[in-house]
2 protein chains.
Amino acid sequence: MSPTPEQRRAARHQLGTATAAPATRRGPSGGRKKPITVEAIISTAFGIVEREGYDALTMRRLATELETGPASLYAHVVNKDDLDELLIGRLCAEITLPTPDPATWRAQIISVCTQLRDQYLRFPGISRATFAAAPSNLDTLRVGEGMLAILLAGGLAPQVAAWAIDSLNLYVNAFCLEVSVARTRRSSSEDDWVLSHAEALERFAALPEDFPQTKRYAAELTGGTVTDRFDFTIGLMLDGLPGA
Amino acid sequence: MSPTPEQRRAARHQLGTATAAPATRRGPSGGRKKPITVEAIISTAFGIVEREGYDALTMRRLATELETGPASLYAHVVNKDDLDELLIGRLCAEITLPTPDPATWRAQIISVCTQLRDQYLRFPGISRATFAAAPSNLDTLRVGEGMLAILLAGGLAPQVAAWAIDSLNLYVNAFCLEVSVARTRRSSSEDDWVLSHAEALERFAALPEDFPQTKRYAAELTGGTVTDRFDFTIGLMLDGLPGA
DNA sequence: AATGACATAGAACACTGTTCGTAAAGGGCG
DNA sequence: CGCCCTTTACGAACAGTGTTCTATGTCATT
């Protein structure tokens with residue numbers, strides 16, 4: 001028998017054994033352009049998210065893009081959460097993990113975090129799916145394994161390394177989610193999206209008297225690029241780690 | 001005229017001036033038990049979230065709890081996002097901000113973060129609303145002002161303090177969101193929710209051979225209480241700060 | 001007393017994820 | 001070759017969601 005979506009999902013979580021069987025049967029649509037595989041679903045889903053953001057990724061929208069109805073997707077995907085998990089798995093699979101080097105472990109872990117950030121920001125809002133996804137996915141675990149290897153090579157205690165990985169992953173996800181939300185809000189609220197920084201500074205400066213520090217340091221609070229803040233926090237976390 | 005929900009919301013974002021006018025008119029329900037004010041909406045919303053989680057907070061559920069229809073809520077609240085903003089505003093209003101003390105600035109900022117964490121975890125899943133809420137809310141800004149004052153009293157450079165506040169807030173929100181998601185998943189997936197730690201450890205130990213570090217340090221990866229991880233990361237960030 | 005303002009809802013719209021039942025296509029078998 | 005039966009595909013529908021239109025009943029005011 002060909003693998004049901006449930007079996008596929010279990011295999012991704014190292015629960016069941018691998019099931020082969022290619023199964024290239026065709027349906028009532030005859031010789032269509034594309035036989036609607038899981039791969040096709042994932043790639044078109046990424047296309048939608050990249051173009052219109054994660055909020056636009058609905059089962060109906062995805063089905064329309066594949067020229068079919070929503071019910072057809074459920075033959076290849078358990079549900080929306082399963083699709084989300086497939087997406088973040090694919091995303092994590094794109095991360096290149098360096099071979100651990102004790103001399104440059106900080107630069108190596110920064111590289112992994114930066115790759116994750118770039119991938120997340122490339123597909124706006126997809127980090128929301130990361131929060132909902134269970135951490136037992138094999139592709140996700142692969143990134144964790146790579147990060148753990150880097151930190152251990154850096155001489156960190158196992159417990160410190162484990163918790164640091166958790167913190168870094170959590171921060172990267174949250175950072176990308178916030179950036180994505182801010183961008184969609186900026187582009188949808190008012191027509192003029194350019195005055196984001198200037199307007200924020202002006203508002204902070206126009207606050208009442210019981211916000212003295214916020215008023216005085218409005219420039220610092222609203223200043224800095226996206227990457228500035230990211231680099232600052234990652235550096236903050238890594239500087240606190242007692243590495244070799 | 002009585003303030004429309006839009007005017008209320010603008011006032012919360014320091015845009016318009018304050019508008020008084022209590023306006024105790026009654027509707028077709030006559031002398032009902034409660035005249036359905038914004039305050040009543042907020043408090044019952046908090047009750048729903050505290051009991052059943054943020055996912056259960058729908059406009060219909062909230063209206064049913066208030067013994068009315070969904071449309072009645074829109075006379076007091078702009079939309080669901082506005083309600084979310086009211087909730088996190090109220091949440092932030094509960095935070096007690098210490099008067100800055102240069103000697104104990106680390107303990108003070110930890111206290112604020114811990115208060116935020118406890119408030120968020122008390123209402124499971126509400127941190128999702130925090131990500132969506134604009135940072136220009138007055139109640140939110142009050143907490144930011146307090147944190148900024150503490151860090152400045154600690155001798156930090158304004159730019160460092162500003163970015164550190166951002167990082168800390170972001171991490172606290174993400175941490176609480178992840179904890180809430182994990183808890184709801186654990187309680188809804190299978191009947192036996194007790195074996196969370198043991199099962200996670202067993203799965204990590206049963207991984208294939210290409211996960212050597214994850215297998216070896218499964219105990220460290222799955223170990224530690226919720227507060228352990230929280231304290232670790234907050235400490236990590238604060239230790240990186242060059243304070244007095 | 002009549003009037004107009006206003007909080008209150010009932011019904012409906014456009015969505016969402018998901019499932020049921022059915023129709024079409026292909027391979028394995030007699 | 002022709003039949004059956006598994007597998008895939010998909011239209012229709014269900015239970016939800018946020019939101020809006022419209023009408024209704026009640027109050028304070030003229």
Side-chain angles (χ1 to χ4, degrees), chain A residues 1-8 19 21-41 45 48 52-85 125 128-129 132 188, chain B residues 1-8 19 21-41 45 48 52-85 128-129 132:
Chain A
M1 57 181 171
S2 69
T4 70
E6 285 81 0
Q7 295 171 334
R8 240 197 342 83
T19 56
T24 60
R25 305 284 177 82
R26 299 286 164 78
S29 64
R32 279 264 297 285
K33 301 178 179 180
K34 301 195 174 184
I36 192 175
T37 65
V38 181
E39 207 61 29
I41 291 179
I48 293 175
E52 312 174 30
Y54 180 76
D55 287 330
L57 180 65
T58 69
M59 299 300 266
R60 281 180 167 79
R61 178 88 178 71
L62 184 54
T64 305
E65 199 100 337
L66 289 163
E67 301 178 55
T68 178
S72 306
L73 303 176
Y74 287 85
H76 307 88
V77 159
V78 178
N79 49 24
K80 180 93 198 307
D81 288 339
D82 186 32
L83 174 63
D84 290 342
E85 192 179 295
R128 193 175 329 152
S188 69
Chain B
M1 55 183 171
S2 69
T4 71
E6 285 80 1
Q7 294 171 335
R8 242 196 340 84
T19 56
T24 59
R25 306 285 178 80
R26 297 287 163 78
S29 64
R32 277 261 300 283
K33 302 178 178 179
K34 302 196 173 182
I36 191 175
T37 65
V38 182
E39 207 61 29
I41 290 179
I48 293 176
E52 313 174 30
Y54 180 75
D55 287 329
L57 180 65
T58 69
M59 300 300 268
R60 280 179 170 78
R61 179 87 178 75
L62 183 55
T64 305
E65 199 99 339
L66 289 163
E67 300 178 56
T68 177
S72 306
L73 304 176
Y74 287 86
H76 306 87
V77 158
V78 179
N79 50 21
K80 180 91 195 311
D81 288 340
D82 185 33
L83 174 62
D84 290 342
E85 193 180 294
R128 194 173 329 150

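A note on names: the letters A, B, ... follow the listed sequences, proteins ahead of strands, and every chain is numbered from 1.
Between the CD atom of B:Glu67 and the P atom of C:dA9 there is a distance of 9 Å, rounded to whole Å. Summarising the geometry, the separation between CD on A:Glu65 and P on D:dC10 is reported as 15 Å, rounded to the nearest angstrom. Atom-to-atom, CD1 of B:Ile36 to P of D:dT26 comes out at 17 Å; the value is rounded to the nearest Å. Atom CG of A:Leu66 and atom C1' of D:dC10 are 13 Å apart (whole Å).
Every salt bridge (Lys or Arg N to Asp or Glu O under 4.0 Å) that A:Glu65 has, sequence neighbours left out, goes to A:Arg51, A:Arg61. B:Asp81 meets the salt bridge (Lys or Arg N to Asp or Glu O under 4.0 Å) test with no other residue; sequence neighbours excluded.
The CG atom of B:Leu73 sits 5.0 Å away from the CE atom of B:Met59 when rounded to the nearest 0.5 Å.
Among B:Leu62, B:Leu83, B:Asp84, the one residue that satisfies the side chain to side chain contact (heavy atoms under 4.5 Å, CB included) test with B:Val77 is B:Leu83. Tested against B:His76 for a side chain to side chain contact (heavy atoms under 4.5 Å, CB included), the candidates B:Thr37, B:Ile36, B:Asp82 yield a single pass: B:Ile36.
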* Reading nucleotides 13-20 of chain D from the 5' end, what letters show protein touch, with B for base, S for backbone sugar-phosphate only, - for no heavy atom under 4.0 Å? -> B---BBBB
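Within the 4.0 Å cut-off from OP1 or OP2 of D:dC10, at least one side-chain nitrogen or oxygen of A:Ser72 is found. In terms of phosphate contacts, A:His76 brings no side-chain nitrogen or oxygen within less than 4.0 Å of OP1 or OP2 of D:dT8.
Summarising the geometry of B:Lys80 relative to B:Leu57, their closest heavy-atom pair is CE-O, 3.4 Å, with the distance given to 0.1 Å.
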